[in-house]
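Excluded from the calculations below are hydrogen atoms, water molecules and symmetry mates; all remaining heavy atoms, backbone and side chain alike, are included. Start at 1 with the first residue, then count along the sequence. Quick caveat, the model's predicted, so the values are computed rather than measured.
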Amino acid sequence: MKVLIVLTSHDKLGDTGNKTGFWLEEFAAPYYELTKAGIEVTLASPEGGQPPLDPKSNEPDAQTDDTRRFEADPDAKAALASTVRLDSVDPTAFDAVFYAGGHGPLWDLAGDPASKAVIEGALAAEKPVALVCHAPGVLRDVTTPSGAPLVQGKDVTGFTNTEEEGVGLTDVVPFLVEDMLKEKGAHYSKGDDWGPYVVRDGLLITGQNPASSAPAAAALIELLQGTAKP
């Protein structure tokens, strides 16, 4: 099996002068969950090459076993340094797509036509799509074949307003993931702030925050292996 992991290419945190990018745990956890299951992983980003890492995701209090494993893994680092351009990707060549979060996707992937095409193409081909933390924000402009918002009427989760408030970026991000999903007509739900929480609705899997990264990947693997509960 083959899974595409999509990461952001955006590194500026609004007008703050600070850096952002993808959140390390949200890449490392699914990367190792998928490869442990014998799944071949391809990495992509809008600009290709090395995607920017949110420096806060590599600070000591954000470290996990998976992030430490990544730091000592030259093969994974080499793969990350050479992501393919997202606009070169045929989603039907993969069995599923996984979007890592971090704040970066809210600026680039949410409005990226190639990202929209990958998600719509994957779902049209009945391939699962999983997104974690801020990555469900990438669904903002994605539509069904009839032109309705993809998330309309869907059970989803994503980074909460209170979690965004907790990191002090409510007035910095271009939009709040929770608010956007509700405005698009999604059935939004959430668990405790910073605790693992994953929702699956058919082929769509969403995770609330960094702690949801590994569980979201596990849910995707269950779906791919046919062991997921209906």
Side-chain angles (χ1 to χ4, degrees), residues 3-8 20-37 39 41 43 51 54 56-57 62 64-67 70 95-106 109-110 115 118-119 122-123 127-140 142 150-151 154-164 166-167 169 173 175-182 184 186-225 227-229:
V3 170
L4 180 74
I5 294 182
V6 182
L7 303 115
T8 183
T20 192
F22 72 93
W23 197 261
L24 184 54
E25 181 181 1
E26 295 168 30
F27 159 70
Y31 179 85
Y32 289 120
E33 287 285 329
L34 293 165
T35 54
K36 182 172 66 179
I39 294 169
V41 173
L43 308 180
D54 186 321
K56 285 191 174 297
S57 72
T64 67
D65 288 344
D66 288 323
T67 65
F70 171 76
D95 296 288
V97 182
F98 191 103
Y99 274 73
H103 285 89
L106 299 185
L109 289 167
S115 176
V118 163
I119 295 171
L123 293 172
K127 317 274 186 167
V129 176
L131 312 96
V132 71
C133 199
H134 285 87
V138 173
L139 299 172
R140 184 187 64 189
V142 180
L150 173 71
V151 299
K154 292 271 193 188
D155 293 324
V156 298
T157 190
F159 205 59
T160 68
N161 289 353
T162 48
E163 286 169 328
E164 200 69 81
V167 297
L169 294 174
V173 292
F175 62 92
L176 295 169
V177 175
E178 177 181 338
D179 285 355
M180 181 280 291
L181 291 170
K182 291 175 177 176
K184 293 288 183 179
H187 296 149
Y188 177 89
S189 63
K190 58 187 176 181
D192 293 337
D193 281 3
W194 313 113
Y197 186 75
V198 174
V199 173
R200 180 170 76 84
D201 189 326
L203 295 172
L204 188 65
I205 296 168
T206 47
Q208 179 178 315
N209 48 32
S212 309
S213 305
L220 179 61
I221 292 165
E222 287 179 357
L223 201 53
L224 289 172
Q225 294 178 341
T227 57
K229 295 174 183 174

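Residue Thr160 holds its OG1 atom at 10.5 Å from CG of Asp179, rounded to the nearest 0.5 Å. Here the CG atom belonging to Asp95 is positioned 11.0 Å from the CG atom belonging to Leu223, to the nearest 0.5 angstrom. Remark: Leu109 CG to Leu131 CG distance equals 10.0 Å, nearest 0.5 Å. Note that CG of Leu139 and CG of Leu150 are 6.0 Å apart. Values are rounded to the nearest 0.5 Å. The distance from the NZ atom of Lys182 to the CG atom of Leu176 is 10.5 Å, given to the nearest 0.5 Å. Note that the CD atom of Glu163 and the CG atom of Leu169 stand 12.5 Å from one another [nearest 0.5 Å].
Considering only residues two or more places apart in sequence or on other chains, Tyr197 meets the ring-ring contact (aromatic ring centres under 6.0 Å, His included) condition with none of them.
Shortest non-hydrogen contact noted between Phe98 and Glu26 is CE2-O, 3.9 Å. Of all heavy-atom pairs spanning Lys184 and Arg140, the tightest one is CE-O, 3.1 Å. The shortest heavy-atom contact between Gly137 and Val177 is N-CG1, 4.0 Å. Residues Pro136 and Leu181 come closest through the heavy atom pair O-CD2, 4.0 Å. Ala100 and Pro105 get closest at one heavy-atom pair: O-CG, 3.9 Å. Residues Ala214 and Ala29 approach most closely at N-CB, 3.9 Å, considering heavy atoms.
Tyr188 contributes a side-chain N or O that, together with a main-chain N or O of Gly158, makes up a donor-acceptor pair within less than 3.5 Å. In this structure, Ser212 contributes its side chain and Gly207 its backbone to no donor-acceptor pair below 3.5 Å. In this structure, Glu164 contributes its side chain and Phe159 its backbone to no donor-acceptor pair below 3.5 Å. Looking only at distances, a side-chain donor or acceptor of Asn209 sits under 3.5 Å from a matching main-chain atom of Gly195. Side-chain atoms of Thr20 do not come within 3.5 Å of backbone N or O of Asp54 as any donor-acceptor pair. The backbone N or O of Gly191 sits less than 3.5 Å from a side-chain atom of Gln208, completing a donor-acceptor pair. The backbone N or O of Asp66 lies less than 3.5 Å from no partner atom in the side chain of Glu25, so there is not a single donor-acceptor pair. Looking at Thr206, its side chain does come within 3.5 Å of a backbone N or O of Thr157 through a donor-acceptor pair. A donor-acceptor pair is defined here as one N or O able to donate and one able to accept, closer than 3.5 Å; such a pair exists between the side chain of Arg200 and the backbone of Gly202.
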Check the pair Val156, Asp201 against side-chain contact (heavy atoms from CB on, under 4.5 Å), reporting the backbone distance first and the verdict last.
CA-CA 7 Å; Val156 298; Asp201 189 326; 5.9 Å; no
Between Tyr32 and Phe70, does the side-chain contact (heavy atoms from CB on, under 4.5 Å) criterion hold? Intermediate values first, please.
CA-CA 9 Å; Tyr32 289 120; Phe70 171 76; 3.9 Å; yes
One pair to check against side-chain contact (heavy atoms from CB on, under 4.5 Å): Val132 and Val198. What are the steps and the verdict?
CA-CA 9 Å; Val132 71; Val198 174; over 6 Å; no
Could you give me the CA-CA distance, side-chain angles and deciding distance for Ser115 and Tyr99, then say whether side-chain contact (heavy atoms from CB on, under 4.5 Å) is met?
CA-CA 10 Å; Ser115 176; Tyr99 274 73; 2.7 Å; yes
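You'll find the side chain of Lys127 stays beyond 4.5 Å of the side chain of Val97, heavy atoms only. Counting heavy atoms from C-beta on, the side chains of Val199 and Leu204 never come closer than 4.5 Å.
Within 6.0 Å of NZ in Lys56 there are 12 or fewer heavy atoms belonging to other residues, nucleotides or ligands.
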